[in-house]
Amino acid sequence: MNITSTITNDKSDSADHLAPGEIAARFPQVTVPGTARTAYQLTADEAICYPLYYFIPSLTRDGRFLVYHRAAAGEVQLYRLDLATGESQALTAADDPDCAWTPWDTDPGRGVLDHRSSLNVARDEVAYFAHGEARTVHVRTLEERLLFRLPPGRKATGQNCFSPDGRYFFYIHHDAELEKRILSESPPARHLSKGTELVRFDLESGEQHLVAKLNSPFHHVHPYGSDHLVFSSPALEKAPLWTDYEGGWFTQLRTQDAEGRTTVHYSATARGLHYELTGHNPCKVGTLSPTTHQRREFTCPALGNLHVGCDPAGQRFVVDGLEEGGRSIYHLAVLPEQGDPEWIRLTGPWPLYGEKGQKTHSHPRFTSCGRWIQMVAGDPLTRTNHTFLVDVRDVAPSQGLPAF
């Protein structure tokens, strides 16, 4: 695969690349199943094309480039989509065998480690893992560089992140052979895990700093504010954990309740942590403050494989999950002081293709401008899953949502 270093049809970075007129001029319009809402299909291919994990950004700060995975024929590579031109281009050409294999998508393959890559919006670089190395590629110039090599016998695991200022890369690694043993059992023998490490890498000095070490697999690390992190989960209990950039400690933010509900997904916002709860009916979601431990929990639509969505501004609360015929997204319209909350359907059921795994999840994330939901959904023409922008300019902030 040839990777060039030129950007064609360059436009000023001051342009509003997410303006509705700009998006409509370059991408096909589709009608959202279930609501007739307007959406635009950003990727179209025989492959499955999906963004980085939705807790972290996939769009550059100026909104010009979308970084996404392209998965086909046992290979996963990173691509960029130029929203100013509609053109896609490969960012990586990794040839690491068995690199595309993950705990969630058990297809072996080659390429980059799936759902390990992270976008540094402050520096326009994407970090990825292959051949036991962490490398970056510049989204605009396509220049590559080596960050560091993992210790021998270790493998990058879990979704990783950059600090908002772009200085630190936080990543998780685990003993590679032990991970294979753990994940070869059904269900995975997570209790056998030893010595999983969360590490802070300083892009300016090259220093590696151990933040946390647990005898448990964990994942989903992403920044909260400018100096804290959230991650999950202990081996025998799903829960959000919280620490700071120095580490040496962590605390569990939401233990099991009397009915046994626990949380898997949680998104850091400017107004607290949003999360979902599973394990008991009725379905519930909540928002909390990691610093004061105040929280508010409330019921949500009955959905299978429930995920909380991500609005970095914390103004709007969305959930997505399975209904008959596909996945649906709901928005919290009103959270009254007493009584049941009011939810409105934004999408779905919208079919996705494939039996399981991260490639079959909607993973809704509001763009920084607030006009769109970035999500994954099915394309009936190719029967593969792709990245869409759903127009939500008419969706008001959730009323009654606490501002922790």
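Below, all heavy atoms of this structure are taken into account, side chains as well, without hydrogens, waters or symmetry copies.
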- Any sub-3.5 Å donor-acceptor pair from His307's side-chain atoms to Asn305's backbone N or O? yes
- Query: Considering only heavy atoms from C-beta outward, does the side chain of Val67 approach that of Val139 to under 4.5 Å?
  - Reply: yes
- Query: Does any N or O in the side chain of Ser289 come within less than 3.5 Å of the main-chain N or O of Thr292, such that one atom is a donor and the other an acceptor?
  - Reply: yes
- Message: Do the side chains of Arg123 and Glu125 get close enough for a salt bridge, i.e. N-O under 4.0 angstrom?
- Response: no
- Arg26 side-chain N/O to Ala84 backbone N/O, donor-acceptor pair under 3.5 Å: yes
- Check whether any side-chain heavy atom of Pro301 sits under 4.5 Å from a side-chain heavy atom of Trp343, and report yes or no. yes
- Main-chain N/O of Glu323 paired to Arg327 side chain as donor or acceptor, under 3.5 Å: no
- Message: If you define the side chain from C-beta out and look only at heavy atoms, does anything of His131 sit under 4.5 Å from Asp95?
- Response: yes
- Message: Check Glu297 with Lys284, please: is the shortest side-chain N to carboxylate O separation under 4.0 Å?
- Response: no
- Task: Hey, could you give me the CG/OG distance between Leu352 and Ser362, rounded to the nearest 0.5 Å?
- Result: 5.5 Å
- Should the ring pair Phe170 and Tyr245 be called parallel, tilted or perpendicular, given that the plane angle runs from 0 to 90° and is split at 30 and 60? tilted
- Query: So, Asp202 and Arg167, do they make that salt bridge, N to O below 4.0 Å?
  - Reply: yes
- Task: State, to 0.1 Å, how close Leu303 and Gly321 come at their nearest heavy-atom pair, and which atoms those are.
- Result: CD1-N, 3.7 Å
- Task: Evaluate the criterion side-chain contact (heavy atoms from CB on, under 4.5 Å) for residue pair Leu306 and Val319; output intermediate values, then yes/no.
- Result: CA-CA 7 Å; Leu306 181 67; Val319 294; 4.0 Å; yes
- Can you tell me if Gln41 uses its side chain to pair, donor with acceptor, with the backbone of Thr43 under 3.5 Å? yes
- Would you say the side-chain atoms of His386 and Thr384 include a donor-acceptor pair closer than 3.5 Å? yes
- Query: Given side chains that start at C-beta, do those of Pro51 and Gln374 come closer than 4.5 Å, heavy atoms only?
  - Reply: yes
- Would you check if the side chain of Gln159 reaches a backbone N or O of Val221 as a donor-acceptor pair within less than 3.5 Å? yes
- Task: Using the ring of Tyr54 (Phe, Tyr or Trp, six-membered ring only), decide whether Arg365 places NZ or CZ under 6.0 Å from its centre and within 45 degrees of its axis.
- Result: no
- Query: Are the side chains of Asp82 and Ser88 in touch, meaning some heavy atoms are under 4.5 Å apart?
  - Reply: no
- Message: Between the side chains of Asp45 and Arg70, is the shortest nitrogen-to-carboxylate-oxygen separation below 4.0 Å, so that they form an ion pair?
- Response: yes
- Query: Which atoms form the tightest heavy-atom contact between Leu18 and Trp372, and what is the distance?
  - Reply: O-NE1, 2.8 Å
- Message: For the CD atom on Glu324, are there more than 12 heavy atoms of other groups (residues, nucleotides or ligands in this structure) within a distance under 6.0 Å?
- Response: no
Would you tabulate the side-chain donor-acceptor contacts of residues 208-216 under 3.5 Å, counting partners in other chains and residues two or more places apart, or write 'none'?
from   : atom 1 : to     : atom 2 : distance (Å)
Gln208 : OE1    : Tyr171 : OH     : 2.8
His209 : NE2    : Glu246 : O      : 2.7
Asn215 : OD1    : Gly195 : N      : 3.0
Ser216 : OG     : Ser233 : O      : 3.3
Ser216 : OG     : Ala235 : N      : 2.8

- Pairwise side-chain contact, Leu401 with Arg296, heavy-atom cut-off 4.5 Å (strictly under): no
- Task: Evaluate the side-chain proximity of Ile329 to Trp350: yes if any heavy-atom separation is below 4.5 Å, no if none is.
- Result: no
- Given side-chain contact (heavy atoms from CB on, under 4.5 Å), test Leu203 with Tyr168 step by step and report yes or no. CA-CA 6 Å; Leu203 275 75; Tyr168 299 117; 5.7 Å; no
- Task: For the residue pair Asp114 and Lys359, establish whether any side-chain heavy-atom pair is separated by less than 4.5 Å.
- Result: yes
- Message: Under 4.0 Å between a side-chain nitrogen and a carboxylate oxygen: does that hold for Arg371 and Asp16?
- Response: yes
- Query: Side chains of His228 and Thr243: do they bring a donor and an acceptor to under 3.5 Å?
  - Reply: no
- Task: Say whether, by atom type as modelled, one donor and one acceptor occur between the side chain of Asp391 and the main chain of Arg393 under 3.5 angstrom.
- Result: yes
- Can a salt bridge be assigned to the pair Arg37 and Asp394 using a cut-off of 4.0 Å between side-chain N and carboxylate O? yes
- Could you give the distance from CZ (Phe218) to CG (Leu198), rounded to the nearest 0.5 Å? 5.0 Å
- Measure from the side-chain N and O atoms of His222 to the backbone N and O of His220, and report whether any donor-acceptor pair falls under 3.5 Å. yes
- Of all heavy-atom pairs linking Leu78 and His69, the shortest is CD2-CD2, 3.9 Å
- For the side chain of Arg316 and the backbone of Pro397, is there at least one donor-acceptor N/O pair under 3.5 Å apart? no
- Indicate whether the side chain of Gln77 and that of Glu75 have a donor and an acceptor atom separated by less than 3.5 Å. yes
- Without swapping roles, check the side chain of Glu342 against the backbone of Leu335 for a donor-acceptor pair under 3.5 Å. no
- Name of the residue among Phe55, Tyr50, Tyr53 meeting ring pair (Phe, Tyr, Trp, His ring centres under 6.0 Å) with His363: Tyr53
- Is the shortest side-chain N to carboxylate O distance from Arg140 to Asp62 below 4.0 Å? yes
